[in-house]
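Below is one structure, written out as structure tokens; the observations come after it.
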Amino acid sequence: MNLKAYLKSRQQKIDRALDQYLPKESIKPPTIHKAMRYSLFAGGKRLRPILCLAAAEACGGKIDNALPLACALECIHTYSLVHDDLPSMDNDDLRRGRPTCHKVFGDGIAVLAGDGLLTIAFEIVSRAKPTSRYDMSILLREVAVAAGSQKLIAGQVADLEAEGRKIDMSGLRYIHENKTAAILTTSVQLGAMSANANPKHLNAITKFGRALGLAFQIIDDILDVTQTSEKLGKSAGKDIAAKKATYPAVIGLEKSRSEAKQLTRQAHDALSIFNAKTEALHALANYLLEREY
Ligand code: GRG
């Protein structure tokens, strides 16, 4: 498959849908809608929604049925980046190659823009079509749990508390599984649910998401060490400067690379039970691993 063209067409589809779901900039109060849109349309890769749509296809579903769920996850992801960049968290000036939300709109509006993106995610989920196995309460609960204080927020708390401290592998894995892998896993799970996936397929998709999500964060840790800020579109080398808990810091670069490769293999293997339409998921897993590092 032509991955570049595939990614571009999926990004466009997702962007069009997000544009429809988000209030226009002119809607009162304009500042908040400008700030929400500024961060949401700053050029993110749309990996989570693309994975959601690809999982729906792998489970025999239609991408249009997965689209609201895919967009909701991108809103949650963007909220987490906006808040993560705040001076009271990671204090970053650059995100997706542009000044961060609080640099442009101020801290108060950036906090509220994150709140707005998190909240609208649930409104967007409510537009999805439930299926016979997965009703609306299941879909909403999945999203709430993934974004909540035992997953995404738990990972961020553990990350903040680990700064400057010695951390072991299990502590590090806890951070990565919750801060990064949880939303990625939920992305593919929701895609599968939109396709009314049977329990066996949902289980396989979950294994795929967990392995890929962890590999993705390990690769992100590696890139922070090996790439320039220009290439990353965010400040490079921040993890070392902030004494962050990362795979390269705990097990070194080489072992981190082989761990990422092994997890990616596990992700591919998890797809073996599907009969068709897993080409995109395989290609996305390879794409994440082969990012320059
Ligand atoms: C504030 C509750 C809360 C959580 C923040 C997302 C996050 C948790 C922290 C951001 C820093 C970080 C290393 C997150 C891990 C996930 C990650 C690698 C995000 C970047 O994802 P990409 O590469 O970004 O998909 P784009 O911009 O392409 O969407």
Side-chain angles (χ1 to χ4, degrees), residues 7 10-11 14-15 18 38-52 70-71 73-92 94-98 100-102 107 110-111 113-115 117-119 121 143-163 172 174-187 209 212-225 227 229 231-242 244-249 260 284 287-289 291-293:
L7 290 175
R10 286 293 152 93
Q11 280 155 357
I14 290 155
D15 283 358
L18 283 169
Y38 174 81
S39 290
L40 195 59
F41 296 104
K45 295 181 287 297
R46 310 301 194 208
L47 289 177
R48 292 148 193 84
I50 291 174
L51 281 164
C52 180
C71 289
L73 288 158
E74 185 65 16
C75 290
I76 291 177
H77 167 59
T78 305
Y79 126 74
S80 77
L81 297 179
V82 170
H83 281 193
D84 184 66
D85 290 333
L86 287 167
S88 53
M89 296 237 196
D90 238 18
N91 192 18
D92 224 314
L94 202 60
R95 169 70 64 186
R96 292 172 165 173
R98 305 207 296 182
T100 43
C101 193
H102 65 273
D107 294 4
V111 169
D115 294 342
L117 286 165
L118 173 61
T119 312
V143 177
V145 168
S149 62
Q150 296 186 64
K151 296 266 183 181
L152 174 65
I153 293 172
Q156 183 74 348
V157 170
D159 193 37
L160 281 177
E161 291 181 345
E163 265 176 46
L172 182 57
Y174 177 87
I175 293 174
H176 284 14
E177 278 175 354
N178 289 292
K179 191 179 80 172
T180 309
I183 292 286
L184 278 152
T185 306
T186 303
S187 304
L212 190 76
L214 195 50
F216 178 74
Q217 182 57 60
I218 296 173
I219 295 162
D220 202 68
D221 286 358
I222 296 172
L223 293 174
D224 184 76
V225 181
Q227 299 287 313
S229 304
K231 268 213 153 152
L232 294 178
K234 61 180 183 178
S235 313
K238 278 209 74 184
D239 293 344
I240 297 179
K244 280 255 179 201
T246 67
Y247 267 69
L284 286 163
Y287 164 71
L288 295 188
L289 183 70
R291 284 186 292 159
E292 246 179 278
Y293 70 98

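Just the heavy atoms: all of them, side chains too, but no hydrogens, waters or symmetry mates, feed the values below. Remember, it's 1-based here, ligands and their atoms both numbered in the order they're listed. Note that this is a predicted model, so its numbers are computed, not measured. Residues take their numbers from the sequence shown, with the count starting at 1.
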Any atoms of ligand 1 less than 4.0 Å from a non-hydrogen atom of Gly44? List them with their elements. 26 (P), 27 (O), 28 (O), 29 (O)
Where the side chain of Thr100 meets the backbone of Asp92, is there a donor-acceptor pair that is under 3.5 Å apart? yes
Distance under 4.0 Å to a non-hydrogen atom of Thr180: what atoms of ligand 1 satisfy this? 15 (C), 16 (C)
List ligand 1 atoms under 4.0 Å from Arg96, heavy atoms only on the residue side. 26 (P), 27 (O), 29 (O)
Considering Gln156, Met89, His83 one by one, which has a heavy atom nearer to atom 4 (C) of ligand 1 than any of the others? Gln156
What side chain to side chain donor-acceptor pair (under 3.5 Å) pairs are there with at least one residue in residues 146-156, not counting sequence neighbours? Asp84-Gln156
Which ligand 1 atoms, with their elements, are less than 4.0 angstrom from a heavy-atom of Leu47? 25 (O)
Got a donor-acceptor contact below 3.5 angstrom from the Asp159 side chain to the Gly155 backbone? no
Backbone of Val82 reached by a side-chain donor or acceptor of Arg95 within 3.5 Å: no
Taking 4.0 Å as the limit for heavy-atom contacts, which would you say applies to Lys45 with ligand 1: side chain only, backbone only, both, or neither? both
Region of Arg46 engaging ligand 1 - heavy atom pairs below 4.0 Å: neither
Between the candidates His77, His176, Lys179, which shows the shortest non-hydrogen contact distance to atom 12 (C) of ligand 1? Lys179
Side chains of Leu47 and His77: does their closest heavy-atom pair fall under 4.5 Å? no
Using the side-chain hydrogen bond (donor to acceptor under 3.5 Å, both in side chains) criterion, which residues pair with Thr180? Sequence neighbours excluded. Gln217
Could you list which atoms of ligand 1 come closer than 4.0 Å to a heavy atom of Tyr79? 2 (C)
Is a side-chain donor or acceptor of Arg98 paired with a backbone partner of Tyr38 at a separation under 3.5 angstrom? yes
Which one of Gly97, Gly148, Ala154, Ser80 has a non-hydrogen atom at the shortest distance from atom 1 (C) of ligand 1? Ser80
